[in-house]
Amino acid sequence: MTVIAPYRSGQRPGPDGFAQLLHAEWTKFRTVRGWVIGTIVAVVVAAGIGLLGTGSGQHFCQQVASIGPARSGADCGLPVFRLGPDGEPVSDSFFFVRQPLAGNGSITVRVTSLTGLLPSSNPNGPPAPTRPGLQEWAKAGIIIKQDTGQGSRYAALMVAGGHGVRMQWNYTADTPGLPGIVGPASPRWLRLTRAGDVITGYDSADGTRWAQVGTVTLPGLPSTVQAGLFTASPDDNQESQHLGGGVNAGGGPTQATAVFDHVTAPGGSFTGGYVGSAEIPGTGGYHQAGGRYTVTGSGDIAPIPAGHGGPADAAATLTSYLLGTFAGLIALTVVAAMFMTAEYRRDLIRVTLAASPRRGRTLAAKAVVIGAVSFAAGLVSAIVALMAGTAITHARGYYEFPVAGPTVVRVVIGTAALAAVSAVLALAIGAMVRRSATAVAIVIAAIVLPYFLAVAAVVPLGAADWLLRITPAAGFAVQGPYPAYPQVTAIYSALSGYFPLAPGAGFAVLCGWTAVALAGAAWLLRRRDA
Amino acid sequence: MEATIEVSGLRKRFGSAQALDGMSFTVLPGQVTGFVGPNGAGKSTTMRIILGLDAADEGTALTGGVAYRTLRHPLSHVGALLDAAALQPSRSARNHLLWLAHSQGMGGRRADEVLALTGLASVARRKAGGFSLGMRQRLGIAAALLGDPPVIMMDEPFNGMDPEGIVWMRGFLKSLAAEGRAVLVSSHLMSELQDTAGHLIVIGRGQVIADTSVAALIEAASGERVELRTPARTEAMTVLAHAGATVAATAPDQLTVSGLPAQKIVAALTDGHVPFTEVAAHRATLEEAYMELTRDAVEFPAGGARR
């Protein structure tokens with residue numbers, strides 16, 4: 001038998017780390033032109049649909065003309081949003097019976113009645129409210145406010161039409177006190193105490209046993225503030241969402257009247273007047289007789305939800321700029337699914353796994369590559385959509401619903417992360433089902449379809465909320481720029497940028513699905529014959 | 001590492017079909033080992049198990065003494081071509097090799113080298129989807145050679161090749177083996193391996209039927225048979241049958257005689273005054289030997305023909 005010297009490979013082995021797998025998978029991705037084009041299409045489509053949406057917005061002047069002079073902006077220019085201390089748009093108009101409060105002090109009242117008037121049920125009736133009834137968030141009580149300017153800092157303790165005693169401050173914060181409806185048989189005692197920057201609210205049913213409702217620090221409060229009684233009653237929005245996503249808003253202005261007695265305040269006499277202005281001139285006022293103060297007012301002290309109420313109706317929002325995200329996700333998930341299923345279409349997976357037998361790492365490398373590509377695509381499309389959307393809105397004389405800078409950053413990064421995780425989910429599903437068409441169908445049904453059903457209001461609002469809670473589409477919550485306020489009646493729909501879950505929670509749901517799918521894919525990939 | 005493939009007691013069942021039923025063999029370096037058997041005999045399954053792609057129900061498969069899945073730079077140990085169609089059609093030939101090279105920590109220069117080695121340099125930037133099957137086979141071989149491995153394994157590499165390609169492939173395989181590599185080449189047609197393989201592993205129904213050198217196999221298949229050429233076929237058959245031989249007519253003027261040595265055949269024909277023009281020992285072709293083997297495995301029990 002001849003002895004043959006064993007052959008030695010002339011190739012010096014390179015490193016065998018995860019970086020080499022990433023390099024290989026990245027080379028795989030970038031060398032298929034269809035996938036690169038598909039990714040670019042995703043960016044263009046996602047940004048483009050948002051711009052189309054921006055173009056179809058309503059011009060503010062048209063909006064003013066259709067509503068009437070009561071809401072006209074200054075010379076039909078950009079309307080002035082009243083901004084709260086944190087930069088969010090707010091309503092701040094109410095009837096205020098006030099006195100200056102110098103330094104520390106306390107104001108106490110008893111509220112014995114809260115009644116109101118709602119808009120006429122006859123659509124052709126008078127604009128002023130005539131029908132007895134109380135708006136659920138009509139509010140009357142005591143308030144300590146930085147000054148009488150709209151949007152200034154405050155803390156207030158009140159009875160609300162249908163929500164018992166509430167303590168609210170700086171427009172967005174709200175915490176409950178005693179429940180129940182106020183009336184002569186069940187009066188409510190309210191007390192606000194200022195000590196430095198700290199304001200504390202107490203309530204009581206009998207004026208002797210007091211409970212703290214809440215305490216808040218309002219930094220930078222001047223030494224002399226305005227304190228007193230107030231009444232407000234927001235518009236009655238008879239909104240209903242109908243098929244196709246539209247929102248019918250009926251209703252109109254309301255007013256409320258509250259009766260106070262046992263008023264204890266350190267200052268001198270009270271003066272009455274509106275903060276802001278009466279929505280319907282002539283409503284609102286107060287009189288005092290024998291220690292009883294009767295205060296009538298309309299308006300609201302609350303944040304303005306995007307897409308609802310007053311000037312926000314016609315404002316362009318971040319959400320409308322990003323409306324094309326779902327279409328971009330379709331393109332991206334198709335590319336991501338094919339990045340995996342193409343391996344199976346022609347048994348290329350055997351070449352891949354022969355080159356890198358550690359299957360879990362191979363899957364991880366694919367996920368990282370497609371995730372990074374999709375993150376970049378999502379980032380670019382979100383930035384382009386927001387910048388172009390803002391530019392177009394301004395150029396056409398439309399106006400935008402204000403959003404704080406950090407929120408914009410979160411929405412942009414969130415959109416990129418949504419794209420990345422959705423793509424990884426598509427990849428994982430592709431690895432499990434191994435067929436492009438099936439994988440794409442599952443991914444679209446899991447991510448895009450629930451979102452679309454919810455946004456287009458094909459399903460009722462309650463069902464839409466559940467779709468956006470439990471399906472991977474919950475991840476769209478990262479695009480929600482504004483929180484929903486329970487203390488403001490509105491339809492908080494996905495179309496307006498409101499999601500049932502907080503951004504982090506919604507994203508966590510998507511990540512959870514993706515982790516499960518990825519684990520399943522890794523298990524099957526390891527277990528199955530290639 | 002040792003340039004060997006060691007397969008021991010492999011069993012693999014797909015549903016109700018027993019694909020492998022105790023497959024055992026060893027592939028040694030320095031020669032081309034043919035891996036032959038009818039379609040469905042278990043060639044591809046065995047190869048996939050060697051590469052760690054399929055898991056065996058029982059048994060082990062080692063390359064260079066270790067399980068493939070534990071290799072860190074597998075392409076520097078084993079180069080395999082399982083299916084020339086296993087590529088992304090829209091990716092160019094060079095890019096196909098490039099991602100493979102990157103997965104082993106190698107660069108693009110090695111991809112260019114193997115493209116030149118397999119004669120694909122001029123079409124390197126073309127989409128592999130437009131390649132003929134023969135060109136894809138070359139690309140698959142280029143991929144197998146990427147890591148310059150001591151063990152090479154190819155499943156049906158002659159498929160779809162034109163005659164020129166087949167000649168090139170034979171020479172190429174032999175040169176790889178001559179460098180000291182272990183080369184395992186499967187085929188369902190023995191003729192493709194004629195003049196190429198030095199050793200043969202013949203399998204059927206998931207088992208090894210014969211594990212032998214080509215020379216030994218042909219000798220065994222040739223038996224004690226004699227080719228006889230005669231213008232008087234009928235007389236010759238009568239005379240030889242009388243003498244105790246088994247005679248089969250293979251052509252109008254040709255007989256194959258067994259059971260009688262050549263000298264006795266000549267004597268019997270001379271005695272009977274039967275004219276003949278040629279008497280020669282029968283030499284079976286590899287194809288015949290293979291047909292005989294796979295027709296009835298009992299004639300050549302695996303142990304009987306072993307080295």
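Each chain gets a letter, A, B and so on, in the order its sequence line appears, and its residues count up from 1. Just so it is clear, the model here is predicted, and its values are computed rather than measured. Any value given below was found using the heavy atoms of this structure, including those in side chains, with hydrogens, waters and symmetry copies removed.
Taking 4.5 Å as the limit, some side-chain heavy atom of D529(A) sits within range of a side-chain heavy atom of K12(B). Side-chain contact between Q88(B) and W35(A): present, with at least one pair of heavy atoms (C-beta onward) separated by less than 4.5 Å.
In this structure, the separation between CG on L98(B) and CZ on R30(A) is 6.0 Å, given to the nearest 0.5 Å. Atoms OG and CG, on S356(A) and L75(B) in that order, are 8.5 Å from each other to the nearest 0.5 Å. H96(B) NE2 to T31(A) OG1: the interatomic distance, rounded to the nearest 0.5 Å, is 10.5 Å. The CD atom of Q20(A) sits 7.0 Å away from the NE2 atom of H73(B) when rounded to the nearest 0.5 Å.
For Y344(A), the OH atom sits in a packed shell: over 12 heavy atoms of surrounding residues, nucleotides or ligands are nearer than 6.0 Å. Residue R69(B) qualifies as enclosed at atom CZ: its count of foreign heavy atoms under 6.0 Å is above 12. A 6.0 Å sphere centred on CH2 of W513(A) holds no more than 12 heavy atoms belonging to other residues, nucleotides or ligands.
For chain B, no part of R345(A) is nearby; none of its heavy atoms comes within less than 4.5 Å. Residue R527(A): no heavy atom, backbone or side chain, is found under 4.5 Å from chain B. Only the backbone of R526(A) has a heavy atom closer than 4.5 Å to any heavy atom of chain B.
Contact annotation for residues 109-134 of chain B against chain A (heavy-atom separation below 4.5 Å, listed by residue number): R110(B), E113(B). Below 4.5 Å, heavy atoms of chain A meet heavy atoms from R48(B), G52(B), L53(B), D54(B), A55(B), all part of residues 47-61 of chain B.
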Show, in sequence, the C-alpha distance, side-chain angles and deciding distance for R91(B) and T27(A), and conclude whether the side-chain contact (heavy atoms from CB on, under 4.5 Å) test is met. CA-CA 10 Å; R91(B) 200 177 275 135; T27(A) 305; over 6 Å; no
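In this structure a side-chain-to-backbone donor-acceptor pair under 3.5 Å is present from Y68(B) to A354(A). In this structure a side-chain-to-backbone donor-acceptor pair under 3.5 Å is present from Q104(B) to A355(A).
Ranked by heavy-atom pairs under 4.5 Å with chain B, the list T352(A), T362(A), L21(A) is led by T352(A). Chain B forms more heavy-atom pairs under 4.5 Å with one residue of E25(A), R359(A), R33(A), E343(A) than with any other, namely R359(A). Contacts with chain B were tallied for L22(A), V351(A), D347(A), I349(A); V351(A) has the most, counting heavy-atom pairs under 4.5 Å.
The pair D83(B)-R346(A) fails the salt-bridge criterion, with no side-chain N (NZ, NE, NH1 or NH2) lying under 4.0 Å from an Asp/Glu carboxylate O.
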